[in-house]
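Since this is a predicted model, take the numbers as computed values, not measurements. These numbers come from the heavy atoms of this one structure, side chains and all, not from hydrogens, waters or symmetry mates.
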Amino acid sequence: MTRIGIVAELGHETRVAATPTTVKQLLGLGYEVVVEKGAGESASFRDEAYAEAGAVIVGADDAWGSEVVLRINQPTEEEIGRLADGATLIGSLSPGLRPELVEALAARPITALALDAVPRISRAQSMDVLSSMANIAGYRAVIEAAHEFGRFFTGQVTAAGKVPPAKVLVAGAGVAGLAAIGAASSLGAIVRATDPRPEVADQVKSIGGTYLKVEVAEQMQSSDGYAKATSEAYNARAAEIYTEQARDVDIIITTALIPGRPAPKLLTAEDVAGMRAGSVIVDMAAGQGGNVEGSVAGQRVVTDNGVVILGYTDLPARLPAQASQLYGTNMLNLLKLLTKDKDGVLRIDFDDVVQRSVTVVRDGEKTWPPPPVQVSAAPVGKTETGTAVESTAPKKKQGLSAAVKAGIFATGIAVLFWINAVAPAPLPQHFTVLMLSIVVGFYVIGKVHHALHTPLMSVTNAISGIIVVGALLQVTSENPVMQVLAAVSVLLASINIFGGFAVTRRMLAMFSRGEKTRS
């Protein structure tokens with residue numbers, strides 16, 4: 001039976017690689033689990049909780065001597081030396097940014113898996129620790145900004161006067177950026193966001209933000225789920241927007257990162273100098289060079305004009321219990337992939353793109369970097385010579401041809417005329433009205449925009465409209481009963497129509513609260 005060791009982290013790291021909840025599930029995969037004494041204390045997971053879950057509490061040497069070692073951060077040279085020959089180390093190794101760590105790992109007869117190198121494909125989402133931690137970091141960035149800001153996020157009208165809502169700019173609408181947008185919007189702030197990928201505009205709007213589009217000729221497309229380096233034209237226009245926004249907003253949260261490269265500079269010293277005293281900047285990329293000129297990794301800086309710049313690099317660790325649970329779940333899902341037989345034996349299959357991507361070193365042999373993974377289809381475009389490049393996206397199934405549709409339409413008309421010719425009166429009249437109502441109803445419903453395909457807007461109102469037309473024709477009937485029924489039909493159908501539009505208007509207003517606030 002393979003033994004998994006959960007080791008304690010160094011320094012101020014408060015997270016732990018497994019929680020009592022995930023330990024139970026690791027045991028279900030057939031592993032034996034040992035936990036270094038005190039490994040989960042900072043995340044409020046006591047040794048007793050691990051013991052109750054089935055783990056064995058051991059010393060540091062025993063934990064590091066396990067066949068599989070789970071941890072959060074990159075190991076030091078001393079810790080690499082504590083690994084047993086043939087052991088497997090799994091953690092956030094950042095191999096693209098730390099080539100010296102890859103070489104140190106390859107110098108030992110061990111296997112190393114980087115949990116933060118999981119490709120962004122659909123079936124690997126449950127193992128994507130970068131997204132999990134970015135989600136927590138984005139939320140925590142707003143909390144840190146709110147603490148420093150010293151004023152309300154939401155606007156209020158009180159007896160003591162009117163309080164305007166805070167204005168927040170989020171640079172980058174990835175996982176961290178969207179989490180920050182959602183948190184700031186839920187607190188009542190006016191939130192704006194920028195991102196070079198135009199496809200995120202709808203996501204920003206759906207959680208209460210306003211997308212600030214950078215108008216340039218190029219279109220940014222991502223083939224691996226991550227943002228790419230932008231062109232000089234984009235950078236120039238984006239710089240103008242950042243300068244404009246810096247003078248207007250109260251809080252700026254920057255999240256721009258490019259895998260394997262230093263963080264791009266978004267805000268200059270002049271931009272920071274143009275902000276009002278008491279404004280707050282949270283530079284979430286400070287650990288990789290920073291998006292803001294003047295930010296310092298891990299520190300709180302106050303500029304000469306009173307702007308607070310937070311360069312904290314431990315934002316997920318400031319929510320240790322939640323972060324540990326999500327990280328442990330990501331780790332568990334990777335081990336499920338590596339232990340399909342649930343026999344406690346870890347097997348790495350290089351034919352699996354996920355397993356190949358996370359493997360940095362295998363049995364002392366360096367396997368980094370892995371082959372590139374294409375996670376999204378490229379759109380139809382043109383090469384430099386003007387030749388069309390066909391999209392790799394699957395083509396939609398073709399519907400009926402125009403000739404077949406015309407034949408069906410002609411057949412239907414012929415059948416309608418035949419029925420009217422042979423049927424006794426008044427059946428032809430009623431049958432014609434039925435056919436016309438079906439055609440009218442079909443086109444009324446079919447022409448409604450897909451975004452409004454709700455029972456209130458499309459089906460109910462279309463049918464109610466047909467009822468109103470039919471009832472109006474019967475109001476002039478000589479039969480008093482028919483007149484009363486027709487009048488009631490017109491009344492009820494009209495209530496349904498106007499009520500449907502009123503309710504739909506309220507529904508749409510729920511998604512435009514931010515727009516009304518800004519206006």
Side-chain angles (χ1 to χ4, degrees), residues 2-19 22-23 26 31 33-36 39-40 42-43 45 60 63-84 86-108 110-119 124 126-134 136-137 259 287 313-314 316-317 320 323-339 346 348 354-362 364 366-370:
T2 303
R3 184 176 63 177
I4 292 179
I6 313 300
V7 298
E9 302 295 326
L10 296 177
H12 300 290
E13 179 60 69
T14 58
R15 296 171 294 171
V16 63
T19 67
T22 60
V23 162
L26 291 174
Y31 292 103
V33 181
V34 298
V35 179
E36 181 179 344
S42 298
F45 298 118
W64 278 99
S66 303
E67 291 92 338
V68 180
V69 176
L70 310 183
R71 70 165 305 155
I72 299 284
N73 295 319
Q74 301 84 10
T76 63
E77 291 188 11
E78 179 184 354
E79 290 174 329
I80 295 175
R82 300 173 72 177
L83 292 167
T88 299
L89 173 68
I90 308 178
S92 297
L93 305 179
S94 301
L97 297 175
R98 292 176 170 81
E100 71 283 356
L101 175 61
V102 177
E103 296 296 335
L105 292 169
R108 290 291 319 279
I110 61 174
T111 297
L113 306 181
L115 192 58
D116 52 347
V118 171
S126 62
M127 315 167 209
D128 190 355
V129 70
L130 288 180
S131 295
S132 297
M133 296 302 102
I136 295 176
T313 57
D314 61 344
S324 298
Q325 183 59 50
L326 293 182
Y327 188 99
T329 302
N330 293 141
M331 184 76 77
L332 171 67
N333 290 328
L334 177 62
L335 288 170
K336 285 181 179 179
L337 180 65
L338 300 175
T339 321
L346 189 148
I348 299 177
V354 177
Q355 299 181 46
R356 176 64 186 90
S357 296
V358 301
T359 305
V360 178
V361 175
R362 186 176 188 181
K366 185 171 69 172
T367 59
W368 183 268

(request) Flag the pair Leu101 / Pro75 as yes when at least one side-chain heavy-atom distance between them is below 4.5 Å, and no otherwise. (result) yes
(request) Could you pull out the closest heavy-atom pair between Pro369 and Arg356, with the gap in Å? (result) O-NH2, 4.0 Å
(request) Please name the pair of heavy atoms, one in Pro320 and one in Ser42, separated by the smallest distance, quoted to 0.1 Å. (result) CG-O, 3.8 Å
(request) Output yes when a side-chain donor or acceptor of Asn73 lies under 3.5 Å from a complementary backbone atom of Ser92, and no otherwise. (result) no
(request) Scan side-chain atoms only and decide if Glu67 and Thr2 contain a donor-acceptor pair under the 3.5 Å cut-off. (result) no
(request) With the side chain counted from C-beta on, respond yes when Leu93 and Arg98 share a heavy-atom pair under 4.5 Å apart, and no when they do not. (result) no
(message) Rounded at 0.5 Å granularity, tell me how far CZ in Arg108 sits from CG in Leu83.
(response) 6.0 Å
(message) Has Thr339 got a side-chain atom pairing as donor or acceptor with Leu335's backbone, closer than 3.5 angstrom?
(response) yes
(request) Grab the two heavy atoms, one from Asn330 and one from Ser126, that are nearest each other, plus how far apart they are. (result) ND2-O, 2.8 Å
(message) Treating Glu79 as the side-chain partner and Thr76 as the backbone partner, does any N or O pair qualify as donor plus acceptor under 3.5 Å?
(response) yes
(request) Report the distance from atom OG1 of Thr22 to atom CD1 of Ile6, rounding to the nearest 0.5 Å. (result) 7.0 Å
(request) State whether the number of non-hydrogen atoms from other residues, nucleotides or ligands found under 6.0 Å of Glu100 atom CD is greater than 12. (result) yes
(message) Determine whether a donor-acceptor pair (N or O, by modelled atom type, separation under 3.5 Å) exists between the side chain of Arg15 and the backbone of Pro316.
(response) no
(request) Return the minimal non-hydrogen interatomic distance between Ala63 and Glu36, and the atom names on each side. (result) CB-CB, 4.0 Å
(message) Among Ile4, Leu70, Val69, which residue satisfies the side-chain contact (heavy atoms from CB on, under 4.5 Å) criterion with Ile90?
(response) Leu70
(message) Can a donor-acceptor pair be found, under 3.5 Å and without considering hydrogens, that links the side chain of Thr367 to the backbone of Thr359?
(response) yes
(message) For His12 and Asp314: C-alpha separation, side-chain torsions, deciding distance, then whether side-chain contact (heavy atoms from CB on, under 4.5 Å) applies.
(response) CA-CA 9 Å; His12 300 290; Asp314 61 344; 5.7 Å; no
(request) I would like to know whether Leu332 and Leu26 meet side-chain contact (heavy atoms from CB on, under 4.5 Å); could you show each step before the answer? (result) CA-CA 7 Å; Leu332 171 67; Leu26 291 174; 3.7 Å; yes
(request) Have a look at Pro95 and tell me which of Val361, Leu105, Val360 forms a side-chain contact (heavy atoms from CB on, under 4.5 Å) with it. (result) Val360
(message) Looking at Val23, is its backbone amide N or carbonyl O close enough to the side chain of Tyr31 to form a donor-acceptor pair, meaning the two atoms are under 3.5 Å apart?
(response) no
(message) Assess the residue pair Leu113 and Ile348 against the criterion (side-chain contact (heavy atoms from CB on, under 4.5 Å)); give the C-alpha distance rounded to whole Å, side-chain angles, the decisive distance to 0.1 Å, and a yes or no.
(response) CA-CA 10 Å; Leu113 306 181; Ile348 299 177; 3.9 Å; yes
(message) Please report the interatomic distance CG(Asn333) to CG(Leu338), rounded to the nearest 0.5 Å.
(response) 11.0 Å
(message) When you measure from the side chain of Ser132 to the backbone of Tyr327, do you find a donor-acceptor pair of N or O atoms at a distance under 3.5 Å?
(response) no
(message) Test your reading of the model: is there a side-chain donor-acceptor pair from Glu13 to the backbone of Ile72, 3.5 Å cut-off?
(response) no
(request) Indicate the atoms forming the closest heavy-atom contact of Ser94 with Gln74, along with that distance. (result) OG-NE2, 3.3 Å
(request) Taking all heavy atoms of Ala87 and all of Ser66, pick out the closest pair and write down the distance. (result) CB-O, 3.8 Å
